[in-house]
Each structure stands twice: as structure tokens, then as C-alpha cells.
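Right, one structure below, let's go through it.
Quick note: numbers below take in every heavy atom, side chains included, and nothing from hydrogens, waters or symmetry partners.
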Amino acid sequence: MHDPEALRSLHSARFHADPEVFAAPGRVNLIGEHTDYAEGFVMPAAIDFATLAGISPRSDGKIVIYSENYESERVFEAVELPTAASQHWSDYPLGVLAILAGEGHRIPGFSLSLWGDVPLGSGLSSSAALEVSTMLAVTSLLGVTYPGPGMARLCQRVENEFVGASSGIMDQFISANGVKDHALLLDCRDLSFRLAPIPSSVTLVIANSMVKHAVTGGEYTSRRAEVEEAAAVIGRHRPEVRFLRDATMEDLANYGAEMSANALKRARHVITENIRTVAAADALVSHDFAELGRLMAEAHRSYSQDFEASCEECDAMVELAQGLPGLIGARLTGGGFGGCTVNLVRAEHAAAFAEILGDRYAGKIGIVPQIHICHASGGASRVAARIQPVR
Ligand code: GAF
């Protein structure tokens with residue numbers, strides 16, 4: 001992660017004020033894809049890529065937001081903030097302000113600097129990191145504290161209500177509540193979770209196919225609609241089933257013929273994925289890596305064939321990892337249609353694994369991938385306090 005002191009210096013030089021600095025991580029999901037909005041299970045870990053947000057108050061009633069990544073600044077009157085998205089990077093911080101204003105907070109003037117190293121559009125939740133870091137910074141300025149799960153819900157509302165992406169709770173939850181050296185088995189129904197330690201002998205190797213993915217795009221939304229269609233069909237017969245979390249394979253055998261062919265396949269993925277995700281947490285906790293790898297392989301097949309959310313490049317990245325020394329399990333991670341694969345790899349083999357996988361992928365696909373050796377990190381926090389009085 002970038003040095004918070006560097007963001008502090010940048011902020012001080014730009015705004016002549018000393019900021020408090022907050023960080024929120026991106027995430028990788030080990031297993032449990034498109035299950036969060038079906039009130040099911042996911043098992044993500046926060047990673048050591050993050051967005052940093054530096055904030056200091058202003059007395060002129062303006063809100064000035066600077067992104068170092070985009071080298072772009074936007075200026076607003078605190079009393080006249082935009083109420084709709086404009087397909088701009090600033091939608092995420094502005095969405096945070098809109099949701100907080102809707103919660104009854106009066107938003108004062110401030111300067112905000114943002115910098116992040118979560119690769120954009122790679123399925124590693126750069127947008128959740130941006131929302132959560134901004135949320136922490138602004139609530140700290142307001143003198144308000146939200147518990148981690150509540151903050152995650154507010155940030156999910158930024159996506160759903162302001163940005164216009166119909167995403168679930170996973171990304172914001174893990175960014176706000178991640179625990180160093182652990183994955184979280186999260187129950188997306190009540191947000192309870194169980195910690196699954198990732199032993200130091202196991203490394204997260206994240207391989208970026210370099211195919212861009214977008215949650216705001218049509219594919220994510222249409223998959224979600226198909227999942228909901230399947231739940232609605234089952235619910236006509238069993239009204240207690242409102243989400244696929246409560247559906248079974250027997251329901252699909254009984255009522256699948258009443259669904260569109262796509263809804264049936266999507267439902268098969270979600271129902272089996274929930275079972276695999278809980279089993280994978282047990283396998284990780286009990287160090288049964290053979291079983292964990294088997295479940296990840298099955299999850300990838302289901303995600304690719306039933307959910308049809310992979311692509312040729314990501315399938316190749318998973319395929320090319322097979323048989324490499326140290327591999328425990330590999331699958332496409334995140335919202336799908338591009339982005340990254342997650343590879344659980346024995347630590348002593350991680351560097352060689354990354355190199356060989358990169359070469360194999362470049363040779364086959366003709367694109368040089370970015371491959372990151374990551375560790376499970378802690379969730380969002382304040383990383384630097386204000387040290388000088390504000391001028
Ligand atoms: C994206 C969404 F933002 C998450 O809520 C989740 O649905 C994921 O895709 C798929 O598991 O990251």
C-alpha cells in the first residue's frame with residue numbers, strides 16, 4: 001500500500017492544510033460469486049491494495065475533491081451538491097455525501113484527496129475501497145461513528161442508489177470489516193461472519209487477465225435479474241423462498257421447467273455455490289487444501305458454464321494454472337466477465353508460480369498479465385492523524 005505520508009504531503013501542498021488520512025482495502029473473493037444479493041454466503045479477504053483518503057475542513061463552504069489517480073479536481077458548494085451521478089470518478093465520493101445527507105447529516109466544506117492502488121476495473125473492488133475510505137473520512141470529520149457493518153450498508157447504498165449499480169453487500173463489507181490474515185465466511189442475510197485463518201504457508205496470487213470488467217454494465221444486472229426470476233418461480237410454490245439462499249436443488253427439479261433456460265442455469269450456480277462456499281470455509285479452517293482446491297475448481301466450472309460469467313481469457317488463466325507447483329486452487333474472482341483469477345498457492349512456490357503463469361498466459365493469449373502476490377489485510381482504518389492545526 002502507498003505510504004500515507006505521501007498522501008499527507010500531497011494534500012498539505014495542494015490545500016495548505018494538514019489532513020487526517022484513512023485507508024480502505026480492495027478485496028479478493030475466494031469463493032461465493034453472485035450469491036450475496038441472493039442472501040447467501042461469500043468468502044472474501046481484504047487485500048494489500050487500498051484507496052487512501054485525506055481530509056481537512058474548509059471555512060469557505062466548498063467541497064474540493066482531488067483524485068491523484070485521475071489528476072483531476074472537482075469543486076462544489078456544500079449546500080448545492082449534485083443529487084445524481086454523471087458517470088465520472090467523482091460519483092463515488094459524491095454518492096457518499098448524498099447518502100449521508102439523506103441520513104440527516106449536514107455536510108460541511110472540506111478538502112479531500114484520494115489516491116489508490118487497487119487496479120481499476122479488475123474485479124478487485126476499487127469502487128468499494130473508494131466509497132469506504134471516503135465514508136470513513138467524511139464521518140470522522142462529522143464526528144460520527146458507524147459500526148463496520150452499518151458503514152458497509154451505507155456504502156452499498158451509494159452503489160445502488162447513486163451510482164446505479166445493482167451490486168450486493170460483499171465488497172463494501174469486506175473493505176470495511178476485513179481481518180488481517182483471514183478470509184471471512186459472510187452470511188449476507190444477517191451479516192454475521194466466521195473467520196477463516198489463511199495460514200502463512202498459503203499465498204493469494206491474483207492474476208489479472210487484463211480484460212476489463214464493470215459492475216454497472218448490463219451483464220451483471222441481467223444475471224441478477226435471472227437469479228431473481230428463478231427465486232420468484234420457486235416462491236410461487238414455496239412462499240417462504242424469497243431468495244435463492246432458501247432454495248434447493250430439489251426445487252429446481254420440481255419447478256425448473258417453469259423458468260427460462262437461463263434462470264435455471266443461474267439458479268443452479270447460486271444454489272450449489274452456497275453449499276460450496278460453506279464447505280470451503282470448513283476446508284480452509286481444517287487445512288484440508290485438497291478439498292478446498294476441488295471446491296474452487298468446481299466453483300469455476302459452475303461460474304463459467306452455468307452462470308456464464310467468465311470469458312475465454314479468464315478460463316485460460318484458470319486452465320494454465322493447473323498442474324503448476326504449489327497450486328491449491330484457482331478460479332475467476334469477482335463480478336465476472338473479465339478481471340482477475342484468484343490462485344491459492346503454497347508460499348514457497350508463489351514467486352515461480354506467478355512467473356510461469358504470466359509467461360504461459362502471454363504465450364497463449366498474447367497479453368502480458370499483471371500478477372500480484374497478495375496477503376489478506378485488515379479492513380478500513382485511520383492511518384494518519386492530523387498533526388498540525390488547520391490554517
Ligand atoms: C461484484 C458485486 F459488487 C458484488 O456485490 C458481488 O455480487 C460480486 O460482483 C459477485 O460475487 O463484485
Note to self: Counting only heavy atoms not in E355 (residues, nucleotides, ligands), do more than 12 fall under 6.0 Å from its CD?
What the structure shows: no
query: So, R245 and D187, do they make that salt bridge, N to O below 4.0 Å?
result: yes
Q. If only atom types and distance count, is the side chain of T35 paired as donor or acceptor with the main-chain N or O of F41 below 3.5 Å?
A. yes
**Message:** With a 3.5 Å distance limit and no angle check, can you tell me whether N274 reaches the backbone of G40 through a side-chain donor-acceptor pair?
**Reply:** no
Check: Is there side-chain contact between F173 and R153, with heavy atoms separated by less than 4.5 Å?
Finding: no
With the side chain counted from C-beta on, respond yes when R382 and V21 share a heavy-atom pair under 4.5 Å apart, and no when they do not. no
Please confirm whether the backbone N or O of L130 pairs with a side-chain atom of S133, one donor and one acceptor, at under 3.5 Å? yes
Fill in: Y220 and H34 aromatic centres sub-6.0 Å
yes
* Report yes if the side chains of I55 and P19 come closer than 4.5 Å at any heavy-atom pair, otherwise no. => no
Considering only NZ, NE, NH1 and NH2 on the basic side and carboxylate oxygens on the acidic side, decide whether R189 and E39 come within less than 4.0 Å. yes
Please determine whether a side-chain nitrogen of the Lys or Arg among R238 and E240 lies less than 4.0 Å from a carboxylate oxygen of the Asp or Glu. yes
Without swapping roles, check the side chain of E103 against the backbone of I99 for a donor-acceptor pair under 3.5 Å. no
**Prompt:** Where the side chain of S377 meets the backbone of I47, is there a donor-acceptor pair that is under 3.5 Å apart?
**Reply:** yes
Are the side chains of F22 and L52 in touch, meaning some heavy atoms are under 4.5 Å apart?
-> no
Rounding to 0.5 Å, atoms CZ (R27) and CG (N177) come to a distance of 14.5 Å
Quick one: does Q172's side chain get under 4.5 Å of L154's, heavy atoms only?
no
Practice task
Report yes if the distance between the aromatic ring centroids of H349 and F353 is under 6.0 Å, otherwise no.
Solution key: no
Requested in this report: Check step by step if salt bridge (Lys or Arg N to Asp or Glu O under 4.0 Å) holds for R58 and D60.
Outcome: CA-CA 6 Å; R58 298 176 68 103; D60 59 1; 2.8 Å; yes
- Message: Given 3.5 Å as the limit, does a donor-acceptor pair link the side chain of N29 with the main chain of M43, or not?
- Response: yes
Taking E73 first and then R14, would you say they form a salt bridge - that is, a charged N and a carboxylate O separated by under 4.0 Å? yes
Less than 4.0 angstrom from a charged side-chain N to a carboxylate O is my criterion; do R223 and E33 meet it?
no
Tell me if a side-chain donor or acceptor on S222 pairs with a main-chain N or O of E219 at a distance below 3.5 Å. yes
| message | Salt bridge or not between R331 and E298? Use side-chain N to carboxylate O under 4.0 Å. | response | no
Are side-chain heavy atoms of V227 and Y37 found at a separation under 4.5 Å?
-> yes
Note to self: I'd like to know if the side chain of S9 and the backbone of E5 have a donor-acceptor N/O pair within less than 3.5 Å.
What the structure shows: yes
Is a side-chain donor or acceptor of S175 paired with a backbone partner of P25 at a separation under 3.5 angstrom? yes
task: Check for a donor-acceptor pair, side chain of N343 on one end and backbone N or O of V205 on the other, with a separation under 3.5 Å.
output: yes
Note to self: Less than 4.0 angstrom from a charged side-chain N to a carboxylate O is my criterion; do D282 and R194 meet it?
What the structure shows: yes
Given the options R268, K265, R266, H269, D306 meets side chain to side chain donor-acceptor pair (under 3.5 Å) only with R268
query: Is atom CD of E312 surrounded by more than 12 heavy atoms (other residues, nucleotides or ligands) closer than 6.0 Å?
result: no
